[in-house]
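In what follows, a single structure is set out as structure tokens and then discussed.
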Amino acid sequence: MKKSLINVTLFVIAVLIMAASIWGPEQLAVYKDNRVLDRIHTQTAEMEGEGYRYTLGSNEKLYILSQCLNSQSLPESEQNALTRVEEESADYQELGGTYAFVVNHRGPAEKEITEEEIFTTCNEMLGSLKELGILPETVREVQGADYEATLYSAIDVLEPRNNVAVWKMTLSNSKRNADKSNRLIDAYLDAGDGRIYEFYARTERKWEEIDPDEIIEKWSEYMGLEAPLPYETDNPLLEATPYYKKYVFAGSGEDRTIVTVGFYDGINELFLKISK
């Protein structure tokens, strides 16, 4: 009797296993379909081109712009071109750059400063530099009739997603004998937020009245940069003036950017530049 009961139990278990193997997968599929069909589901996925929305940090943008400005081919007078030695000419012809600084003919992107806004933005940024004590209050505001504004793109050629759009503000040379005292001569402004990367300005200050350490500290905070270190060099020919002090900012990895606070005596021109 006991043995018969065991046999019946084993038979029932075998039947249940067979039934599960036949109808189980179908019922499981129906259950899963009911959970998925006719319902909205969201999922975060990395889309193609996602990397091109990479946001550069302030130090990275500063480094890219400095490299692009350093790689520019500056205009050269015919006399200088004729006096260059042949060997030097050959060396320059072999140079190939990995950074490009080009005029942006497509115009500003969405949320970037437009041509109609750039003069107002520049004056706002000049006001910020004055409040910080970087520029004196005597520096005049820019006017559209006296200045030229050009949009540029500073591009890391090997990594094109790493690029910085900047507006260059330049005092126009169209007016002969124009008064340049207490005026902004040149400046590079970020096309996104308008912050001034580099400037040359005529002021009434003398070098003895200028504290470059204070200027670089205030400018670093204004730009959202990490604190710099003094850049020591034994080369007295780095600048066309003896009145300057250089600083080094960290870039990306081992990259670094040299920023100079300097002064041209005689014309009383204070400058802060990130190019050589």
Side-chain angles (χ1 to χ4, degrees), residues 62 65-66 69 72 74-75 101 113-152 166-225 228 238-247 249 257-276:
L62 183 72
L65 181 57
S66 71
L69 292 176
Q72 287 186 97
L74 299 177
F101 192 69
I113 299 167
T114 65
E115 188 172 359
E116 293 75 22
E117 299 169 333
I118 185 58
F119 294 100
T120 301
T121 301
C122 185
N123 286 326
E124 291 174 354
M125 292 298 109
L126 287 177
S128 298
L129 296 186
K130 292 175 184 179
E131 290 178 5
L132 293 170
I134 296 173
L135 288 176
E137 292 290 340
T138 54
V139 175
R140 291 182 278 174
E141 292 189 340
V142 301
Q143 303 293 335
D146 299 327
Y147 285 83
E148 298 174 358
T150 307
L151 183 63
Y152 286 88
V166 294
W167 280 99
K168 182 179 181 181
M169 188 72 65
T170 305
L171 181 63
S172 176
N173 292 322
S174 59
K175 295 184 178 181
R176 300 183 63 180
N177 301 320
D179 181 14
K180 296 182 179 179
S181 60
N182 289 305
R183 304 196 75 165
L184 182 71
I185 305 300
D186 282 302
Y188 286 105
L189 291 78
D190 189 284
D193 56 28
R195 288 182 294 182
I196 297 178
Y197 287 101
E198 180 173 304
F199 67 81
Y200 293 77
R202 303 281 175 93
T203 76
E204 296 178 349
R205 290 180 180 174
K206 302 295 184 181
W207 178 247
E208 295 76 15
E209 303 170 339
I210 296 171
D211 185 345
D213 291 338
E214 182 178 354
I215 287 178
I216 203 69
E217 179 184 354
K218 297 295 185 181
W219 180 79
S220 301
E221 295 175 358
Y222 160 79
M223 294 297 297
L225 297 166
L238 288 177
E239 299 293 337
T241 173
Y243 307 114
Y244 69 88
K245 189 169 184 179
K246 292 182 176 291
Y247 304 85
F249 288 83
T257 305
I258 307 300
V259 176
T260 306
V261 176
F263 182 80
Y264 294 124
D265 197 15
I267 58 175
N268 284 20
E269 187 166 295
L270 171 66
F271 64 86
L272 185 151
K273 68 174 184 175
I274 61 174
S275 55
K276 290 181 181 177

- Task: Of all the heavy-atom pairs spanning Ser66 and Ile274, show the shortest one and how long it is.
- Result: CB-O, 3.3 Å

- Close side-chain approach of Tyr222 and Ile196, heavy atoms under 4.5 Å: yes

- Tell me, do Ile216 and Pro228 make a side-chain contact under 4.5 Å, heavy atoms counted? yes

- Query: When you check the gap from the basic side-chain N to the acidic O, do Asp146 and Arg140 get nearer than 4.0 Å?
  - Reply: no

- Query: Under the side chain to side chain donor-acceptor pair (under 3.5 Å) test, which residues partner Thr170, sequence neighbours left out?
  - Reply: Asp186

- Not counting sequence neighbours, which residues clear side chain to side chain donor-acceptor pair (under 3.5 Å) with Ser220? List them please. none

- Separation between CG (Leu238) and CD1 (Ile258), nearest 0.5 Å, reads 9.5 Å

- Note on the structure: Taken in chain and number order and not counting sequence neighbours, the residues that satisfy ring pair (Phe, Tyr, Trp, His ring centres under 6.0 Å) with Tyr244 are none

- Taking atom CG of Leu62 and atom OH of Tyr197, what is their separation to the nearest 0.5 Å? 7.5 Å

- Query: Which atom names give the shortest non-hydrogen contact between Trp207 and Pro212, and what distance separates them?
  - Reply: CH2-CG, 4.1 Å

- Message: Per the salt bridge (Lys or Arg N to Asp or Glu O under 4.0 Å) rule, what does the pair list look like for residues 192-213, sequence neighbours excluded?
- Response: Asp193-Arg195, Arg202-Glu269, Asp213-Lys245

Tell me which donor-acceptor pairs under 3.5 Å the side chains of residues 113-126 have, and how far apart each pair is, sequence neighbours excluded?
residue, atom, partner, partner atom, Å
Thr114, OG1, Glu116, OE1, 3.4
Thr114, OG1, Glu117, N, 3.3
Thr114, OG1, Glu117, OE1, 3.3
Glu117, OE1, Thr114, N, 3.1
Thr121, OG1, Glu117, O, 3.0
Asn123, OD1, Val142, N, 2.8
Asn123, ND2, Phe119, O, 3.2
Asn123, ND2, Val142, O, 3.2

- Task: Spell out, as yes or no, whether a donor-acceptor pair under 3.5 Å connects the side chain of Lys130 to the backbone of Val139.
- Result: yes

- Note on the structure: Value for OH (Tyr243) from CG (Leu270), rounded to nearest 0.5 Å, stands at 14.5 Å

- Query: Is the side chain of Thr241 donor-acceptor paired with the backbone N or O of Phe263 at a distance under 3.5 Å, no angle test?
  - Reply: yes

- Task: Any chance you could lay out the ring-ring contact (aromatic ring centres under 6.0 Å, His included) test for Phe101 and Tyr152, step after step, and finish with the verdict?
- Result: CA-CA 7 Å; Phe101 192 69; Tyr152 286 88; 4.6 Å; yes

- Item | ring pair (Phe, Tyr, Trp, His ring centres under 6.0 Å) against Tyr147, all qualifying residues, sequence neighbours excluded | none

- Message: Tell me every residue that passes ring pair (Phe, Tyr, Trp, His ring centres under 6.0 Å) with Tyr247, counting only those two or more places apart in sequence or in another chain.
- Response: none

- Message: Which residues pass the side chain to side chain donor-acceptor pair (under 3.5 Å) test with Thr150, not counting sequence neighbours?
- Response: none

- Which residues satisfy the side chain to side chain contact (heavy atoms under 4.5 Å, CB included) test with Glu221, sequence neighbours excluded? Glu217, Lys218

- Message: Using side-chain heavy atoms (C-beta onward) and a distance below 4.5 Å, is Phe199 in contact with Ile134?
- Response: yes

- Rounded to the nearest 0.5 angstrom, the CG-CD distance for Leu171 and Glu148 is 9.0 Å

- Item | Residues that Phe249 engages under ring pair (Phe, Tyr, Trp, His ring centres under 6.0 Å), provided they are two or more places apart | Trp219

